[in-house]
Protein chains: 2
Amino acid sequence: MLKLSKKIEYGIQALQYMANNSGNVISAKEISEQLNIPYDFLSKTLQILNKNGIIVSQQGIKGGYILARDPKSTTVAEIIKALEENAIIVDCLAEDEENCDRINVCTIKNPMNKLQEKINYLLNNTTIAEFSEV
Amino acid sequence: MLKLSKKIEYGIQALQYMANNSGNVISAKEISEQLNIPYDFLSKTLQILNKNGIIVSQQGIKGGYILARDPKSTTVAEIIKALEENAIIVDCLAEDEENCDRINVCTIKNPMNKLQEKINYLLNNTTIAEFSEV
DNA sequence: AAAAATCGGACTATTGTTATCCGAATTAAT
DNA sequence: ATTAATTCGGATAACAATAGTCCGATTTTT
């Protein structure tokens, strides 16, 4: 399928929204309402992004989130990783690769890895800033 | 997640196997046994590839499959399409895009599309032949 | 006629994704 | 102090997609 999850999609959209309102603390509620994203799901997503250093949270009333870094230096690859997902096109390229039944007869690992590296390059070179320059 | 399905993974591996044995009719059983891929699932996959013109089937005893075209001219993108899947990273870029709740407030469609086109380029420029040159 | 293969449909099991719910902790304003 | 708005964190449910299985029919060579 090669699809990004909603967590990633919502995450990128939320980060873009924050980038466009930089300097202000933005609540999950505001993003949820403005972008029409389910509140609870978005909250979870933002909490993970906070935990992993992409955004900074401020708790309590008047709380919310701001970007932790310059949008120009936050890549899609980093966002995916921060959301505790990955962009690995076949299982055997995963770090915790272990129990593939075909490892002894597999002849696609190397060529798949080449394709993987090209995709990684794209994801490492697309930033939140580019998403904001619509 | 950005992962290829097993259908695609097995399909590519099977096509590569056929490319390496070109000229011979190869049965699903042989591929299944040699590559350690579940027989029934692989059969289904090969039937779809046959239906959509990537391989040619020969029925009956001594039957099997051969590549329909030169491995150099069969791309990963074509295989994905032939397997009736797609490589669309966000729903709103699908052809039958219709009912996105965020269409009026969405500001990621254009930048996502740029990323999509780069991925398409990769998939359109990786062929079965490349998978065989290990 | 028999054997080995594809064909095709239905079905099941498993996993992953998406969404929701609830209560606790935090903090600003009153 | 109390209240209200927020993040935090865990559990769970609903849904969808993937992966795998089963079975009987058809085809074709021997």
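Letters A, B, ... mirror the listed sequences (proteins, then strands); counts begin at 1.
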Q: Under a 3.5 Å distance rule, please check whether A:Gln16 uses its side chain to pair with a backbone N or O of A:Phe131 as donor and acceptor.
A: yes

Q: Within the pair B:Tyr39 and C:dA4, is there a side-chain N or O less than 4.0 Å away from OP1 or OP2?
A: no

Q: Rounded to whole angstroms, how far apart are CZ on B:Phe41 and P on C:dG8?
A: 18 Å

Q: Can you list everything that forms a salt bridge (charged side-chain N to carboxylate O under 4.0 Å, His left out) with A:Lys3? Sequence neighbours excluded, please.
A: B:Asp91

Q: With a 4.5 Å cut-off on side-chain heavy atoms, are B:Leu93 and B:Lys109 touching?
A: yes

Q: List in numerical order all residues of residues 53-65 of chain B for which some heavy atom is under 4.0 Å away from an atom belonging to DNA chain D.
A: B:Gln59, B:Gly60, B:Ile61

Q: Which residue in the set B:Glu84, B:Gln47, B:Lys81 passes side-chain hydrogen bond (donor to acceptor under 3.5 Å, both in side chains) when paired with B:Asn52?
A: B:Glu84

Q: Going 5' to 3' along DNA chain D, between which two nucleotides do contacts with chain B fall, using a heavy-atom cut-off of 4.0 Å?
A: D:dA19 to D:dT29

Q: Nearest nucleotide by nearest heavy atom, which residue falls closer to the 5' end of DNA chain D, B:Leu42 or A:Lys51?
A: A:Lys51

Q: Check the distance between C:dC7's P and B:Asn52's CG and give it to me in whole angstrom.
A: 12 Å

Q: Is any side-chain heavy atom of B:Ile26 closer than 4.5 Å to one of B:Ile66?
A: no

Q: Give the rounded distance in Å between these two atoms: CD of A:Glu84 and P of C:dG16.
A: 15 Å

Q: Separation of A:Met1 atom CE from C:dT18 atom P, in whole Å?
A: 10 Å

Q: Does the side chain of B:Asn50 get closer than 4.0 angstrom to OP1 or OP2 of C:dC7 through an N or O atom?
A: yes

Q: Judged by modelled atom types alone, do A:Glu30 and A:Tyr17 share a side-chain donor-acceptor pair under 3.5 Å?
A: yes

Q: If I take atom CG in residue B:Asp40 and atom P in nucleotide C:dT12, what distance separates them, rounded to the nearest angstrom?
A: 16 Å

Q: Under a 4.0 Å threshold between the charged nitrogen and the carboxylate oxygen, would A:Glu117 count as salt-bridged to A:Lys114?
A: no

Q: Assuming nearest nucleotide by heavy-atom distance, tell me which of B:Lys44 and B:Ile26 is located more 5' along DNA chain C.
A: B:Ile26

Q: Using whole Å, what does the distance between atom P of nucleotide C:dT15 and atom CD of A:Glu85 come to?
A: 18 Å

Q: Under the 3.5 angstrom rule, does the side chain of A:Glu130 hit a backbone N or O of B:Pro111 as a donor-acceptor pair?
A: no

Q: Would you kindly give the CD1-to-C1' distance between B:Ile66 and C:dA5, to the nearest whole Å?
A: 15 Å

Q: Tell me the interatomic distance from B:Lys6, atom NZ, to C:dG16, atom P, rounded to whole angstroms.
A: 11 Å

Q: Using atom types as modelled and distance alone, determine if a side-chain donor or acceptor of B:Asn36 lies under 3.5 Å from a backbone N or O of B:Ser32.
A: no

